[in-house]
Structure formats: structure tokens, C-alpha cells
Novice: 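Right, I'll just put the structure down here and ask away after.
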Amino acid sequence: MGEAAVRIPKERRQRDASRAASRTAILEAARRVAARDGARELSLRGVAAEAGFAPAALYGYFRNKDELLLALAADDLTALARAMRGAGGLAGAGAVALDLLSRTETMAAASAALPGAGGQDAERLFNGRLIAALKALSDAGKLPSDSRESQCDVVLVAAALAGLALLARSGRLEALGFTPQEMIARLDGRFRA
């Protein structure tokens with residue numbers, strides 16, 4: 001096969017780059033709307049207005065609100081996995097995870113949206129990123145993941161961090177007299193390898 005056979009025409013590269021930039025702009029607008037109004041109150045019309053797009057234009061990128069939420073959550077999971085990889089130990093990974101999860105509710109909104117998203121690709125993307133985040137937590141915390149039992153422990157730690165984030169975001173953790181740092185130290189003590 002010659003070089004000309006694999007070369008992508010300039011127009012297509014420009015169109016693809018423009019489409020990627022528009023998708024990024026939509027996701028950034030969705031993140032602003034979710035931060036301002038809450039992820040569960042997100043609407044395609046509100047995101048379109050924030051991004052400066054016609055509402056119908058968003059359907060070329062996302063079939064519905066649920067698919068948009070899943071894309072946001074997938075991006076959050078990627079950021080979470082990256083941050084935990086460099087955190088050093090379960091306590092560091094837990095603190096990073098708690099910080100990121102406390103500032104967003106896209107995971108909860110996306111999880112609620114999974115059954116209605118209608119697209120296997122969106123669900124596959126979300127699940128793949130979730131697995132990557134769990135692997136990053138396992139690696140950062142030096143938690144084994146070679147058996148079903150040890151994988152359950154990783155999921156338990158992740159669920160505990162997600163629950164702590166919810167309690168911290170709502171102010172309930174403080175109302176109960178606990179600090180996030182205290183709870184993460186406790187998790188680290190329980191699951192330290």
C-alpha cells in the first residue's frame with residue numbers, strides 16, 4: 001500500500017478537527033451548566049445556549065441528555081484515574097478522589113442515566129473509564145486485584161470514597177463530627193497492603 005492510500009485529505013482533517021473542537025466546547029458548556037445548576041438539572045437546551053449553539057445542533061454530537069451526562073462522567077473518570085496515579089498510596093489517592101468527587105455530581109447523574117442512555121457505546125465508554133479509575137485506585141493504594149475478593153475490596157474502597165464525597169458535599173460529614181482526612185486515614189489503615 002502506498003503512502004497516498006493512507007493519507008487523509010486536508011478537508012477531512014479540518015472537518016474532524018472542527019467537529020472535535022465543537023464537541024469539546026459543548027462538554028465545557030455542559031460542565032459549566034452542571035456546576036451552576038446541578039448535573040441532574042442539565043438540559044440540552046441550556047447547554048446549547050451556554051455553548052452558543054442551536055439546540056438541534058447538539059443532537060449531532062449527543063442523542064440525548066443521558067448520553068451527554070455519560071460523556072461528562074467519562075471525562076471525570078479519566079481525570080480521576082490520572083490524578084490517582086500520581087497521588088502516592090491509598091491515603092493520597094483517596095484524598096485526590098474525594099476532592100474531585102466532592103466537586104462534581106456527574107458520576108451519580110450518569111449512573112442514574114445509564115439505563116436510559118440507549119447507546120451501548122456510551123455505556124461501554126463509561127464502564128471502560130470506570131474500570132481504568134478502579135485500576136488506578138488499586139495501583140495507587142497498592143491494593144491487589146488478582147482475585148475476585150481483592151477486586152471487591154477495590155470496589156468497596158471506591159464506594160466508600162464516593163459516599164464520603166457525597167457526605168462531604170452535602171455538609172453531612174462535618175455535621176456528624178468527622179473530617180474527610182480522618183475517614184481517608186481510616187480507610188488507609190483498613191486496606192493498607
Novice: Nearest 0.5 angstrom please: Asp66 CG to Leu44 CG, how far?
Specialist: 9.5 Å
Novice: Could you tell me whether Arg82 atom CZ has more than 12 heavy atoms of other residues or ligands within 6.0 Å of it?
Specialist: no
Novice: How would you list, by chain and number, every residue that makes a side-chain contact (heavy atoms from CB on, under 4.5 Å) with Arg23, sequence neighbours excluded?
Specialist: Leu27, Tyr61, Phe62, Ala71
Novice: Hey, does the side chain of Thr24 reach the backbone of Ala20 with a donor-acceptor pair shorter than 3.5 angstrom?
Specialist: yes
Novice: Write down the atom of Arg40, the atom of Lys65, and the distance for their closest heavy-atom approach.
Specialist: O-NZ, 2.8 Å
Novice: Determine whether Phe53 and Leu69 fall in the same hydrophobic cluster, where Ile, Leu, Val, Met, Phe, Trp and Tyr are linked whenever their side-chain heavy atoms lie under 4.5 Å apart.
Specialist: yes
Novice: Would you give me the side-chain donor-acceptor pairs under 3.5 Å for residues 149-159, sequence neighbours excluded?
Specialist:
{"unit_1": "Ser150", "atom_1": "OG", "unit_2": "Pro144", "atom_2": "O", "d": "3.4"}
{"unit_1": "Ser150", "atom_1": "OG", "unit_2": "Asp146", "atom_2": "N", "d": "3.2"}
{"unit_1": "Ser150", "atom_1": "OG", "unit_2": "Asp146", "atom_2": "OD1", "d": "3.4"}
{"unit_1": "Ser150", "atom_1": "OG", "unit_2": "Ser147", "atom_2": "N", "d": "3.0"}
{"unit_1": "Ser150", "atom_1": "OG", "unit_2": "Ser147", "atom_2": "O", "d": "3.0"}
{"unit_1": "Ser150", "atom_1": "OG", "unit_2": "Ser147", "atom_2": "OG", "d": "3.1"}
{"unit_1": "Gln151", "atom_1": "NE2", "unit_2": "Ser145", "atom_2": "O", "d": "3.2"}

Novice: Are Asp75 and Arg129 close enough for a salt bridge, meaning some N to O gap below 4.0 Å?
Specialist: yes
Novice: Closest approach of Ala25 and Ala51, non-hydrogen atoms and distance?
Specialist: O-CB, 4.2 Å
Novice: Find out whether Leu166 and Leu173 are in side-chain contact, i.e. whether some heavy atom of one side chain is under 4.5 Å from a heavy atom of the other.
Specialist: no
Novice: Same cluster or not: Leu77 versus Ile131, using hydrophobic residues (I, L, V, M, F, W, Y) connected whenever any side-chain heavy atoms lie under 4.5 Å apart?
Specialist: no
Novice: In Å, rounded to the nearest 0.5 Å, how long is the span from CG of Leu161 to CD1 of Ile184?
Specialist: 6.0 Å
Novice: Going by heavy atoms in the side chains, are Leu72 and Arg31 under 4.5 Å from each other?
Specialist: yes
Novice: Is it true that atom CZ of Arg13 has more than 12 heavy atoms of other residues, nucleotides or ligands lying nearer than 6.0 Å?
Specialist: yes
Novice: Nearest 0.5 Å please: distance from the CD atom of Glu50 over to the CG atom of Asp37.
Specialist: 9.0 Å
Novice: Restricting to non-hydrogen atoms, name the atom on Gly60 and the atom on Arg19 that form the minimum distance, rounded to 0.1 Å.
Specialist: O-NH2, 2.6 Å
Novice: Quick check: does any side chain N or O of Glu67 sit under 3.5 Å from a backbone N or O of Arg63, one acting as donor and the other as acceptor?
Specialist: yes
Novice: Measure the shortest side-chain to side-chain distance between Met183 and Leu187 over non-hydrogen atoms and say whether it is less than 4.5 angstrom.
Specialist: no
Novice: So, Ser22 side chain and Ser18 main chain: donor-acceptor pair closer than 3.5 Å or not?
Specialist: yes
Novice: For residues Ala136 and Arg85, report the shortest heavy-atom separation together with the two atoms involved.
Specialist: CB-CG, 3.9 Å
Novice: Which atom pair, heavy atoms only, marks the closest approach of Ala91 to Asp188?
Specialist: N-OD1, 3.8 Å
Novice: Around atom CZ of Arg36, are there more than 12 heavy atoms from other residues, nucleotides or ligands closer than 6.0 Å?
Specialist: yes
Novice: When rounded to the nearest 0.5 angstrom, what is the spacing between CZ in Arg190 and CG in Leu90?
Specialist: 13.0 Å
Novice: Let me confirm one number: the CZ-CG distance from Arg169 to Leu98, rounded to the nearest 0.5 Å.
Specialist: 10.0 Å
Novice: If you compare all heavy atoms of Ala48 against all heavy atoms of Pro55, which two are closest, and at what distance to 0.1 Å?
Specialist: CB-CA, 3.6 Å
